[in-house]
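A short worksheet on the structure shown next.
Here, residue 1 is the first one in the sequence, and each next residue gets the next number. Reckoned from all heavy atoms, side chains included, excluding hydrogens, waters and symmetry mates.
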Amino acid sequence: MSSDLKKRTVFGALFLVVMIGALMFEYGALCLLIVIMAGTVNEFLDITLGKGTVRLQRILAIIAGILLFAVMAFHCRDGISLRWASLVLIPVLAIPMSFIFSGRIEQMDHLMPVYSALVYIALPIALCPFILFIDGQYSWRLLLSFFILIWMSDTGAYCIGSMFGQKSGARKLAPTISPKKSWWGFWGSIAFGVMTAVVLYFCSMLDFHLIHCAVLGIIVPAACVCGDLVESMWKRRYGVKDSGNLIPGHGGFLDRFDSSLTAIPLASLYLLIFNLI
């Protein structure tokens with residue numbers, strides 16, 4: 001085993017231990033999600049605007065995301081009114097005003113990436129309390145199941161894509177965005193996702209009808225691929241290879257959670273539509 005592969009394996013295992021360990025406890029999960037939100041928003045703005053830029057606006061965007069997350073958590077756990085979410089408007093509206101006081105008109109070009117970070121990253125993470133608290137009680141199984149589905153879908157895409165998708169004549173999924181991704185990888189992701197969902201059902205991790213679990217096994221991998229391609233578009237647009245160096249050999253926050261930003265909201269939406277959560 002090469003040193004790079006060893007490093008990737010070791011740090012990948014540590015990442016899983018931290019994630020699973022934190023999700024087992026209510027405050028651990030809440031703190032973990034806040035850290036993920038702050039780190040991912042910061043990396044996104046590093047990619048789009050450059051490191052060290054718009055510091056005040058970064059802070060305001062992160063405050064807005066954390067404030068929204070806190071309101072959603074207290075609503076789902078303690079039943080407080082969602083009208084408190086209106087407080088998020090304070091930092092959100094302060095962002096453009098802060099550009100005004102800088103006295104530099106060209107800085108207004110930075111406004112769209114900051115708001116994009118709020119919609120693309122902060123909002124999906126802020127909605128996670130709806131699947132963390134069931135009838136006001138903390139439950140880690142559903143969110144952890146989503147993450148397991150995401151991880152196994154990524155594994156399926158990598159394994160099947162590496163074995164068959166890199167051969168001559170293999171059809172590429174989105175060659176202008178991510179040349180290495182193939183349709184073989186996509187279908188491998190779906191196959192691993194469905195199999196994982198069935199296993200989670202029989203392990204009592206997913207407490208839904210088997211058909212719903214199988215559908216989740218399709219939705220999550222498909223959304224993972226889309227989320228990964230969205231991040232690849234951002235990185236290709238700005239000439240960046242990795243969003244950061246959070247985990248050696250694995251990249252940064254955005255590299256690790258790009259799939260989650262689309263997969264978890266879409267899977268949750270499916271469950272809401274069928275009144276399962």
Side-chain angles (χ1 to χ4, degrees), residues 1-2 4-20 23 36 124 131 141-175 177-206 208 210-233 235 242-243 247 249-271:
M1 183 184 292
S2 67
D4 287 343
L5 184 56
K6 286 181 180 178
K7 181 172 69 173
R8 183 180 175 88
T9 302
V10 169
F11 282 99
L14 288 174
F15 169 76
L16 292 179
V17 169
V18 171
M19 288 288 296
I20 295 172
L23 289 174
I36 291 171
I131 57 175
R141 285 183 175 82
L142 183 55
L143 185 57
L144 179 57
S145 295
F146 283 164
F147 277 121
I148 292 173
L149 279 170
I150 291 167
W151 297 332
M152 292 305 297
S153 298
D154 288 343
T155 301
Y158 177 78
C159 293
I160 304 301
S162 297
M163 285 190 292
F164 303 105
Q166 305 308 314
K167 293 182 178 180
S168 177
R171 290 182 60 194
K172 299 301 180 181
L173 185 62
I177 300 173
S178 185
K180 291 185 178 180
K181 286 183 172 57
S182 66
W183 280 101
W184 276 104
F186 175 80
W187 293 116
S189 176
I190 297 292
F192 272 56
V194 173
M195 289 188 292
T196 301
V198 171
V199 171
L200 290 172
Y201 167 79
F202 284 109
C203 292
S204 299
M205 289 288 288
L206 286 175
F208 312 115
L210 183 58
I211 294 177
H212 290 301
C213 293
V215 173
L216 288 174
I218 296 172
I219 291 175
V220 170
C224 283
V225 172
C226 293
D228 192 45
L229 288 174
V230 168
E231 193 219 2
S232 295
M233 266 198 312
K235 292 195 295 185
D242 293 322
S243 65
I247 308 173
H250 291 265
F253 281 96
L254 192 54
D255 293 318
R256 288 297 86 209
F257 298 103
D258 55 350
S259 301
S260 306
L261 297 175
T262 51
I264 292 177
L266 287 176
S268 301
L269 179 61
Y270 172 82
L271 295 177

Point to revise | Minimum heavy-atom distance between Phe146 and Ser268, given as atom pair plus value | key: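 Result for this residue pair: CE1-OG, 3.7 Å.
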
A side-chain contact here means heavy atoms from C-beta on lying under 4.5 Å apart; do [X] and [Y] qualify?
{"X": "Ile150", "Y": "Phe257", "answer": "no"}
{"X": "Met163", "Y": "Trp184", "answer": "no"}
{"X": "Arg256", "Y": "Ile36", "answer": "no"}
{"X": "Leu271", "Y": "Leu142", "answer": "yes"}
{"X": "Trp187", "Y": "Phe164", "answer": "no"}

**Study point:** Ser162 (side chain) donor-acceptor with Cys159 (main chain) under 3.5 angstrom
**Key:**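 No; zero donor-acceptor contacts below 3.5 Å.
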
Review point. Would you say Ser153's side chain and Leu149's backbone share a donor-acceptor pair under 3.5 angstrom?
Key: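 Yes.
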
Review point. Distance from Leu266 atom CG to Leu216 atom CG, nearest 0.5 Å?
Key: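 Those atoms lie 11.0 Å apart.
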
Point to revise | Spatial distance of atom CD1 (Ile148) from atom CZ (Arg141) [nearest 0.5 Å] | key: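 If we round to the nearest 0.5 Å, Ile148:CD1 and Arg141:CZ are 11.0 Å apart.
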
Exercise for review: Determine, step by step, whether Val230 and Asp258 satisfy the side chain to side chain contact (heavy atoms under 4.5 Å, CB included) criterion, reporting the C-alpha distance in whole Å, the side-chain angles of both residues, the deciding distance to 0.1 Å, and the verdict.
Suggested key: CA-CA 8 Å; Val230 168; Asp258 55 350; over 6 Å; no

Point to revise | Trp151 CH2: over 12 foreign heavy atoms closer than 6.0 Å | key: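 Atom CH2 in Trp151 is crowded, with more than 12 foreign heavy atoms closer than 6.0 Å.
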
For residues 217-226, which side-chain donor-acceptor pairs fall under 3.5 Å, sequence neighbours excluded?
none

Review point. Out of Val198, Leu200, Val199, which residue meets the side chain to side chain contact (heavy atoms under 4.5 Å, CB included) rule with Phe202?
Key: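 Exactly one option meets the side chain to side chain contact (heavy atoms under 4.5 Å, CB included) with Phe202, and it is Val198.
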
**Study point:** All ring-ring contact (aromatic ring centres under 6.0 Å, His included) counterparts of Phe186, not counting sequence neighbours
**Key:**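 Trp183.
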
Check your understanding: Quick one: side-chain hydrogen bond (donor to acceptor under 3.5 Å, both in side chains) partners of Asp228, sequence neighbours excluded?
Key ->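 Checked Asp228 against side-chain hydrogen bond (donor to acceptor under 3.5 Å, both in side chains); matches are Lys181.
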
